[in-house]
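Structure, as structure tokens:
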Amino acid sequence: MSQLPCVDMTLLDGILERYPREEPSLIQVLQDVQRTYNYLPCEVLERVASALGVPLAKVFSVSTFYKAFSLTPQGRVVIKVCTGTACHIRGAGQLIDEVQRRLRIGPGETTEDLGFTLQTVNCVGACAMAPVVIVGEKYVGAAKASDLAKHLGATEGGDHAN
Ligand code: FES
């Protein structure tokens, strides 16, 4: 079983300084925490709850409600495979299989070195380019399984791409 890296709580201090210490700040604080840590670490959520005077149960309920938040560590590069109808028909399944084969992770999972996370998403509004994969911020249209190595290799975790 892999060990999670320690969480640098000083980063949270910088976030909390930017907002009033009250409940309405909760979502903005969580957004900044997600951006900074790439997920919402448990110990950070506990500190957020006490700093803003919000019950921990409410913090967890907000954290699990929004898809943009994750309670588990995410890879530095998130690979999103669109599984909407157009992409499904044009081979999204093979793209998922190829990512799984190369990185040995399934949808919703992250590589042990936190290099990559694989996600499936609903239609991203680019059906004319189907099938679509988003690697980090980059949209790859008409994606082919055989091309994925090059797109994964162009990222910081590229050593997985062979
Ligand atoms: S179904 Fe994939 S972009 Fe629309």
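One-based numbering, in listed order, for ligands and for the atoms of each.
When distances to atom 2 (Fe) of ligand 1 are checked against a cut-off of 2.8 Å, Cys87 contributes an N, O or S atom below that limit. In summary, Cys82 places no N/O/S atom under 2.8 Å from atom 4 (Fe) of ligand 1, failing the contact criterion.
Near Ala126, meaning under 4.0 Å from any of its heavy atoms, are these atoms of ligand 1: 3 (S). The contact set between ligand 1 and Val124, taken as ligand atoms under 4.0 Å from a residue heavy atom, comprises 3 (S). For ligand 1, the atoms sitting less than 4.0 Å from at least one non-hydrogen atom of Ala86 are 1 (S), numbered in the order shown with element in parentheses. Set against the non-hydrogen atoms of Cys127, the atoms of ligand 1 under 4.0 Å away are 1 (S), 3 (S), 4 (Fe).
Between Cys123 and Val132 there is no side-chain heavy-atom pair separated by less than 4.5 Å.
Counting only N and O atoms by type, the side chains of Gln119 and Gln74 include a donor and acceptor under 3.5 Å apart.
The line from CZ of Arg104 to CD of Glu112 is 11.5 Å long, rounded to the nearest 0.5 Å.
Not a single heavy atom of Ala130 sits under 4.0 Å from any atom of ligand 1.
Between Arg47 and Glu43 there is no salt bridge, since no side-chain N of the basic residue sits under 4.0 Å from a carboxylate O of the acidic one.
When all heavy atoms are compared, the tightest approach of Gln28 to Tyr19 is CB-CE2, 3.6 Å.
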Stepwise side chain to side chain contact (heavy atoms under 4.5 Å, CB included) test for Gln34 and Leu40:
CA-CA 6 Å; Gln34 175 75 42; Leu40 304 178; 3.8 Å; yes
